[in-house]
J.: 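First the structure, which I've put down as structure tokens, then a few questions once you've had a look.
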Amino acid sequence: MDFQFTEQQEMLRATVREFVEKECPRQLVRKWDEEHAFPMEVLEKLKKIGVMGIITPVEYEGMGGSIIDYTIVCEELARSTCWGLASYFNAVIMYGTDMILHCGNEEQKKYFLPGLARGELLFAYGITEPDSGSDAAAAKTMAVEKGDHYILNGSKMFITLADKADYTITLARTDKDVAKHKGLTLFIVDTKSKGYSARPLKKMGGFTDTTCEVVYDNVEVPKTHILGGSEAVNRGWQLLISTLETEHLEVAANSLGYAQAAFDDSLQYAKERNAFGQPIGKFQAISHMLAEMAVDLHLARLCVYQLAWLRDSNKPCYKESCMAKLVATECWTNMAHRAMQIFGGYSLMYEYDVQRYLRDSYILLIGGGTRQIQKNMIAKSLGL
Ligand SMILES: Cc1cc2nc3c(=O)[nH]c(=O)nc-3n(C[C@H](O)[C@H](O)[C@H](O)COP(=O)(O)OP(=O)(O)OC[C@H]3O[C@@H](n4cnc5c(N)ncnc54)[C@H](O)[C@@H]3O)c2cc1C
């Protein structure tokens, strides 16, 4: 067993950390959150360090990096605590590159992957609907074949960056007369298509990206944009499931980065803030809280990087992906709750970051599958 990162991976981490420290200082992250805006010029600078092509194979103009490399970038970007930065990066890699790489046919890979690797394309992921989230296979959005294209009608809910994306990967029903999992297809929908509209929703956290309701009103999608090609018609669910491990990893790695930031802030505050003539970190109640936070962080890190290693080794890891998603997202939420206690009254103030951590942490607890769904999957893998 080797728990060492390679020299290149340490360099990658240092490069991303340096970028984050320079481009996303905490006072700016706070300001962007208050203004509900993420500056695109920061994303443009991120593209220049090449990480948008981190997992894209070299033949499609990417860096050909490993899943561990990707995990390092996710963790370091999230450590900035800038929601928008991590969210845009993940939309490119997870909803774009990973979906096309694992589910697309050769023409689709050649067409989309180089642009994604350069960060020129942004993708959204349209699975959840107003009436179906955890039960995603119950999707009602319909796709009806008509000549050389399909016509999509229906709606999606809570879709990240669907108003900004160039394409939205869309799960739609192509056969309603078979079992629900068997009649679904994934489409690469051009967001400029007539009849596609996305409306950002107001939410309690994650202010520097958008979460949208999407409407498909007779949207024409050419057959060339069936993800995986015509042989993938009615195989959408299988394709979707095959990418869930990476989605769980992405959410877990982000949670780890955010949790690390919340821990670092709390430790520093516990050393600096005095009460009753001593730093509050000297009180056992506070020091034990920090000790528990350090343990949670360590466990989350082990789960996250073991999962990344399993993915790189092409070993089965669905159960581990559910475990990592569960452990890391709960780690972040618990970290934020404890940080609230350590910062006392200041934790509620907008000049401090802790209230933002608490607001943002609930998103990853739910997005990508709730804790109940992860537990269902883990229990199923135990034969229950
Ligand atoms: C900010 C944000 C961004 C998101 N981004 C995207 C995106 O980009 N693309 C996308 O497709 N989706 C996205 N989602 C949707 C997200 O994946 C869903 O919200 C999530 O899967 C839960 O679905 P739901 O909200 O419909 O809850 P429901 O499925 O209605 O669940 C409600 C409650 O019932 C529980 N429950 C449901 N079924 C079971 C069961 N079988 N056993 C036990 N408990 C159960 C759930 O755990 C939960 O506690 C996003 C959500 C948010 C909040």
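Start at 1 and go down the list; that is how both ligands and their atoms are numbered. None of the values given here were measured: they were computed from a predicted structure.
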J.: Looking just at side-chain N and O atoms, do R13 and Q9 make a donor-acceptor pair shorter than 3.5 Å?
T.: no

J.: Do D131 and K140 sit within salt-bridge range, that is, some charged N less than 4.0 Å from a carboxylate O?
T.: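 Salt bridge flag = yes for K140 with D131.
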
J.: What orientation do F207 and H36 show, parallel under 30°, tilted 30 to 60°, or perpendicular over 60°?
T.: parallel

J.: Regarding W83 and D209, is there a side-chain donor-to-acceptor distance under 3.5 Å anywhere?
T.: yes

J.: Quick one: do D135 and K180 make a salt bridge, cutoff under 4.0 Å?
T.: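 Here D135 pairs with K180 in a salt bridge, since their nearest N and O are under 4.0 Å apart.
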
J.: Measure the distance from atom 44 (N) of ligand 1 to every protein heavy atom, then report the residue, atom name and distance (to 0.1 Å) of the closest one.
T.: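 Atom 44 (N) of ligand 1 sits closest to the protein heavy atom Q372 CB, 3.5 Å.
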
J.: Please compare W83, F123, F158 and report which has the shortest non-hydrogen distance to atom 25 (O) of ligand 1.
T.: F158

J.: Given A379, G368, C212, identify the one with the heavy atom nearest to atom 17 (O) of ligand 1.
T.: G368

J.: Which heavy atom of the protein is the closest neighbour of atom 9 (N) of ligand 1, given with residue, atom name and distance?
T.: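 For atom 9 (N) of ligand 1, the nearest protein heavy atom comes out as Y125 O, 2.7 Å.
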
J.: Mark whether atom 31 (O) of ligand 1 lies under 4.0 angstrom from at least one protein heavy atom.
T.: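 Yes, because at least one protein heavy atom sits under 4.0 Å from atom 31 (O) of ligand 1.
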
J.: I want to confirm something. Looking only at heavy atoms, which of L240, T170, T370 is nearest to atom 46 (C) of ligand 1?
T.: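 The residue whose heavy atom sits nearest atom 46 (C) of ligand 1 is T370.
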
J.: With the threshold set at 4.0 Å, does a side-chain nitrogen-carboxylate oxygen contact exist between K109 and E59?
T.: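 Between E59 and K109 there is no salt bridge, as every charged N stays at least 4.0 Å from the carboxylate O atoms.
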
J.: Where is the nearest protein heavy atom to atom 39 (C) of ligand 1: which residue, which atom, and how far?
T.: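 Scanning the protein heavy atoms, the shortest distance from atom 39 (C) of ligand 1 goes to I373 CD1, 3.7 Å.
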
J.: If we ignore hydrogens and angles and just use 3.5 Å, is the side chain of R199 paired with the main-chain N or O of E213 as donor and acceptor?
T.: no

J.: Suppose we measure from atom 1 (C) of ligand 1 to each protein heavy atom; which comes out shortest, and what is that distance?
T.: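 Scanning the protein heavy atoms, the shortest distance from atom 1 (C) of ligand 1 goes to I363 CG2, 3.3 Å.
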
J.: Short list, please: which atoms of ligand 1 are under 4.0 Å from a heavy atom of I159?
T.: 7 (C), 8 (O), 9 (N), 10 (C), 11 (O)

J.: Is it true that Q278 and N274 share a donor-acceptor pair across their side chains at a distance under 3.5 Å?
T.: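 Note: N274 and Q278 side chains miss the donor-acceptor criterion.
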
J.: So which pairs with a foot in residues 225-242 pass side-chain hydrogen bond (donor to acceptor under 3.5 Å, both in side chains), sequence neighbours left out?
T.: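 Pairs touching residues 225-242 that pass the test: T174-N234.
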
J.: Tell me whether M40 shares a hydrophobic cluster with L161, the cluster being built from Ile, Leu, Val, Met, Phe, Trp, Tyr side chains joined at under 4.5 Å.
T.: yes

J.: To check your reading of the model: name the closest protein heavy atom to atom 24 (P) of ligand 1, its residue, and the distance in Å.
T.: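 So the nearest neighbour among protein heavy atoms is G133 CA, 3.9 Å.
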
J.: Which residue and non-hydrogen atom of the protein lie closest to atom 18 (C) of ligand 1, and at what distance in Å?
T.: T128 OG1, 4.1 Å

J.: Measuring to protein heavy atoms, does anything land under 4.0 Å from atom 53 (C) of ligand 1?
T.: no

J.: Nearest protein heavy atom to atom 28 (P) of ligand 1, by residue and atom, and its distance?
T.: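 Protein heavy atom at minimum distance: S134 OG, 3.6 Å.
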
J.: Under the 4.0 Å line, does any protein heavy atom show up next to atom 50 (C) of ligand 1?
T.: yes

J.: Using a 4.0 Å heavy-atom cut-off, say whether T160 meets ligand 1 through its side chain, its backbone, both or neither.
T.: both

J.: Among I366, N376, D360, D135, which residue places a heavy atom closest to atom 41 (N) of ligand 1?
T.: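 The residue whose heavy atom sits nearest atom 41 (N) of ligand 1 is N376.
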
